[in-house]
**Student:** 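One structure, pasted below without further comment.
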2 protein chains.
Amino acid sequence: MGLDQNQWSEEEHDVVQRIRKRVIEVVGRNMELYGVTLSTGHLYGLLFFADKPMTLDDMGREMQMSKTSMSTGVRTLLDLKMVNKVWEKGSRKDLYEVEYDWYQTFTDYFATQWRRAVESNLQALRRAMKEIDRLAEQPDTGGFVAGVLRADREKIRQAESYYKWLDRLIDAMEDGEIFDLVPREP
Amino acid sequence: MGLDQNQWSEEEHDVVQRIRKRVIEVVGRNMELYGVTLSTGHLYGLLFFADKPMTLDDMGREMQMSKTSMSTGVRTLLDLKMVNKVWEKGSRKDLYEVEYDWYQTFTDYFATQWRRAVESNLQALRRAMKEIDRLAEQPDTGGFVAGVLRADREKIRQAESYYKWLDRLIDAMEDGEIFDLVPREP
DNA sequence: AAGTACGTACAGAAAAAACTGTACAGAGTA
DNA sequence: TACTCTGTACAGTTTTTTCTGTACGTACTT
């Protein structure tokens with residue numbers, strides 16, 4: 001893992017790698033919950049255990065994959081704020097390391113991904129609500145249609161209520177209030 | 001939408017469908033956050049606005065897709081507890097409707113999917129921790145390796161701490177305590 | 001300014017996933 | 001028991017996604 005100096009034997013290296021590998025495997029697999037590829041998950045795991053920030057070439061070598069793939073993988077992880085670009089004088093290459101604060105990672109994920117979804121959904125629901133109201137107010141709307149509209153309206157109202165709640169939950173994640181509600185230490 | 005009686009005109013039907021369609025579109029798209037396909041998301045949206053529980057054939061007709069796809073789609077949604085099987089005497093076909101309580105849907109999702117991930121990760125981390133400890137205790141472990149092990153150990157410790165917190169957050173979701181912390185009504 | 005090294009855009013290949021049609025097991029009906 | 005109908009397993013096809021190699025723009029070095 002970038003430690004080619006003979007500071008530890010091949011055997012020692014292998015043993016440590018084996019231990020790491022199993023964790024990487026599991027963590028990588030479960031990262032599909034964050035909507036990332038299995039291989040991007042692996043990349044994350046690799047970076048997690050890296051002894052120091054890695055370059056794209058390092059990653060490519062370790063993962064036995066093309067640098068192009070590393071580039072896109074890293075970008076995905078950067079977007080999710082799971083990985084940070086690191087500056088180090090002397091190296092012209094870009095260096096990356098994982099964000100080790102997983103609390104932060106988790107809350108950031110919500111703040112970005114879920115917020116986006118909530119907002120677009122809320123917008124769609126509100127728009128629909130308006131249209132329904134406009135339709136319902138038209139004098140030539142039959143009684144049956146009125147019933148259908150009432151039903152749709154109620155469904156949308158409930159959904160809106162839920163999204164507003166979710167929005168507040170995301171607020172709590174974003175500003176860290178969640179850690180008052182559910183403390184880091186029990 | 002299963003309303004082939006002439007209780008409303010073609011035109012009325014179309015107008016309502018257009019409004020619904022836009023919501024379905026958006027909701028379906030954002031359901032990728034739950035790890036479901038776009039088309040499964042659409043299916044969910046369809047069921048959301050359905051005036052009554054639907055059969056697989058109904059869905060296939062509306063979605064213009066094979067019954068097989070509906071079957072797998074519904075099963076996915078059932079697994080996520082986003083859809084419920086409904087019993088209705090007289091009909092030999094299975095009937096499905098969405099779970100309209102979206103608060104429930106959200107918390108259930110966490111309770112099942114995220115819990116699974118947390119548990120498998122915690123297990124892997126603990127196993128790794130044990131192996132590291134065993135290795136570190138061996139007398140022939142060099143100083144350099146000891147340092148590497150110490151670093152890995154610390155990383156794992158932090159990760160464990162995070163997962164334990166997440167586990168408690170999931171607890172709060174599961175038993176509804178989250179609604180005390182972040183109330184449904186502000 | 002010329003040369004070198006880095007990251008990524010892009011097009012094509014490989015792999016994975018979604019979707020379909022057929023076939024069939026099992027439950028309900030007569 | 002024989003018959004009908006429903007949901008799904010499975011194999012094959014289509015579509016989508018992932019991955020790779022090449023080519024190139026940019027930035028740094030000399």
Side-chain angles (χ1 to χ4, degrees), chain A residues 2 24-25 28-47 50 52-80 82-97 113, chain B residues 2 24-25 28-47 50 52-80 82-97 113:
Chain A
I24 292 174
E25 194 81 24
R29 182 155 357 105
N30 288 131
M31 277 193 47
E32 295 192 347
L33 265 184
Y34 290 100
V36 307
T37 305
L38 191 59
S39 67
T40 304
H42 274 117
L43 176 59
Y44 180 85
L46 175 70
L47 285 168
K52 53 180 190 293
M54 294 181 83
T55 67
L56 292 180
D57 288 310
D58 293 339
M59 303 174 206
R61 201 177 320 111
E62 293 288 336
M63 302 262 306
Q64 315 238 53
M65 284 177 71
S66 72
K67 190 155 77 154
T68 306
S69 295
M70 297 302 99
S71 178
T72 61
V74 163
R75 195 152 29 144
T76 303
L77 294 172
L78 278 175
D79 286 348
L80 290 167
M82 291 177 173
V83 157
N84 298 313
K85 199 171 200 165
V86 169
W87 291 102
E88 200 171 279
K89 59 186 172 189
S91 172
R92 256 165 80 188
K93 305 191 183 188
D94 295 350
L95 291 162
Y96 302 94
E97 75 177 358
Q113 305 299 117
Chain B
I24 292 174
E25 194 82 23
R29 182 154 0 105
N30 288 131
M31 277 193 47
E32 296 190 347
L33 265 185
Y34 290 100
V36 307
T37 306
L38 191 60
S39 68
T40 304
H42 274 116
L43 177 60
Y44 180 84
L46 176 71
L47 285 167
K52 52 181 193 290
M54 294 180 83
T55 67
L56 293 180
D57 288 310
D58 293 338
M59 302 175 208
R61 200 178 320 111
E62 293 287 337
M63 303 261 306
Q64 315 237 53
M65 285 176 71
S66 72
K67 191 154 76 155
T68 306
S69 296
M70 297 302 101
S71 178
T72 62
V74 163
R75 196 152 29 145
T76 302
L77 293 172
L78 278 174
D79 287 347
L80 290 167
M82 292 178 172
V83 157
N84 298 313
K85 200 171 200 166
V86 170
W87 291 103
E88 201 171 277
K89 60 186 172 187
S91 171
R92 256 164 80 186
K93 304 190 184 190
D94 295 350
L95 291 161
Y96 303 94
E97 74 178 358
Q113 305 299 116

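First the proteins, then the strands, lettered A, B, ... as listed; each starts at 1. This structure is a prediction, so every number in the text was calculated from the model and none was measured.
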**Student:** Between dC6(C) atom P and Lys93(A) atom NZ, what is the distance in whole Å?
**Tutor:**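 Atom-to-atom, Lys93(A) to dC6(C), this comes out as 4 Å.
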**Student:** With sequence neighbours excluded, tell me which residues meet ring pair (Phe, Tyr, Trp, His ring centres under 6.0 Å) with Tyr34(A).
**Tutor:**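 Only Tyr109(A), Trp114(B) meet the ring pair (Phe, Tyr, Trp, His ring centres under 6.0 Å) criterion with Tyr34(A).
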**Student:** Using atom CE of Met70(B) as one end and atom P of dG21(C) as the other, report the distance to the nearest whole Å.
**Tutor:** 12 Å
**Student:** Write down the distance between CG (Asp57(B)) and P (dG21(C)), rounded to a whole number of angstrom.
**Tutor:** 14 Å
**Student:** With sequence neighbours excluded, tell me which residues meet side-chain hydrogen bond (donor to acceptor under 3.5 Å, both in side chains) with Ser69(B).
**Tutor:** Ser66(B)
**Student:** State, yes or no, whether a side-chain contact exists between Tyr96(A) and Leu78(A) at a heavy-atom distance under 4.5 Å.
**Tutor:**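 A side-chain contact under 4.5 Å exists here.
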**Student:** Tell me which residues in residues 31-39 of chain A lie within less than 4.0 Å of DNA chain D, going by non-hydrogen atoms.
**Tutor:**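 Of all residues in residues 31-39 of chain A, the ones placing a heavy atom under 4.0 Å from DNA chain D are Thr37(A), Ser39(A).
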**Student:** Taking side-chain contact (heavy atoms from CB on, under 4.5 Å) as the criterion, tell me which of Glu97(B), His42(B), Met59(B) meets it with Leu47(B).
**Tutor:** Met59(B)
**Student:** Does OP1 or OP2 of dC19(D) have a side-chain N or O of Ser69(A) closer than 4.0 Å?
**Tutor:**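 Looking at the OP1 and OP2 atoms of dC19(D), neither is under 4.0 Å from any side-chain N or O of Ser69(A).
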**Student:** Could you check how far CD of Gln64(B) sits from P of dT20(C), rounded to whole Å?
**Tutor:**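 Distance, rounded to whole Å: 10 Å.
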**Student:** Under the side-chain hydrogen bond (donor to acceptor under 3.5 Å, both in side chains) rule, collect the residues that match up with Asp58(B), sequence neighbours excluded.
**Tutor:**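 Only Thr55(B), Arg61(B) meet the side-chain hydrogen bond (donor to acceptor under 3.5 Å, both in side chains) criterion with Asp58(B).
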**Student:** When you check the phosphate oxygens OP1 and OP2 of dG7(C), does a side-chain N or O of Lys67(A) lie under 4.0 Å from one of them?
**Tutor:**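 Checking Lys67(A) against dG7(C): at least one side-chain N or O falls below 4.0 Å of OP1 or OP2.
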**Student:** For Thr37(B), what residues pass the side-chain hydrogen bond (donor to acceptor under 3.5 Å, both in side chains) criterion, not counting sequence neighbours?
**Tutor:** none
**Student:** Tell me, please, which residues at least two apart from Glu32(B) pass side chain to side chain contact (heavy atoms under 4.5 Å, CB included).
**Tutor:** Leu38(B)
**Student:** Heavy atoms only: give me the nearest Ser39(A)-Met63(A) pair and the separation to one decimal.
**Tutor:** O-CE, 3.5 Å
**Student:** Roughly, in whole Å, what's the span from CZ in Arg75(B) to C1' in dG7(D)?
**Tutor:**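 Spelled out: CZ on Arg75(B) to C1' on dG7(D) is 9 Å.
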**Student:** For Met54(A) and dG7(C), what is the distance between atoms CE and C1' respectively, to the nearest whole Å?
**Tutor:**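 Going from Met54(A) (CE) to dG7(C) (C1'), I get 16 Å.
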**Student:** Rounding to a whole Å, what distance do you find between His42(A):NE2 and dT18(D):P?
**Tutor:**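 Value for this atom pair: 15 Å.
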**Student:** Could you tell me if the side chain of Leu43(B) sits less than 4.5 Å from the side chain of Leu77(B), heavy atoms only?
**Tutor:**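 Side-chain contact under 4.5 Å: yes.
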**Student:** Where each residue is assigned the nucleotide of DNA chain D containing its nearest heavy atom, which of Thr72(A) and Thr72(B) is assigned the position nearer the 5′ end?
**Tutor:**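 Its nucleotide being nearer the 5' end, the pick is Thr72(B).
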**Student:** Note the angle between the end axes of the helix from dA1(C)-dT30(D) to dA30(C)-dT1(D), five pairs defining each, rounded to 10 degrees.
**Tutor:**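 Angle reported: 30°, given to the nearest ten degrees.
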**Student:** So if I define the base as every atom that isn't primed, P, OP1 or OP2, how would nucleotides 22-30 of chain C read as a B/S/- string at a heavy-atom cutoff under 4.0 Å?
**Tutor:** B-----S--
**Student:** Measure from CG on Leu95(A) to P on dC6(C) and round the result to the nearest Å.
**Tutor:**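 One finds 11 Å between P of dC6(C) and CG of Leu95(A), rounded.
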**Student:** Considering residues at least two apart in sequence or located in another chain, which fulfil the salt bridge (charged side-chain N to carboxylate O under 4.0 Å, His left out) criterion with Asp57(A)?
**Tutor:**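 With neighbours one apart ignored, the set is Lys67(A), Lys93(A).
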**Student:** Please enumerate all residues that pass side-chain hydrogen bond (donor to acceptor under 3.5 Å, both in side chains) together with Asn84(B), with sequence neighbours excluded.
**Tutor:**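 If we apply the side-chain hydrogen bond (donor to acceptor under 3.5 Å, both in side chains) test to Asn84(B), skipping adjacent residues, the hits are Glu99(B).
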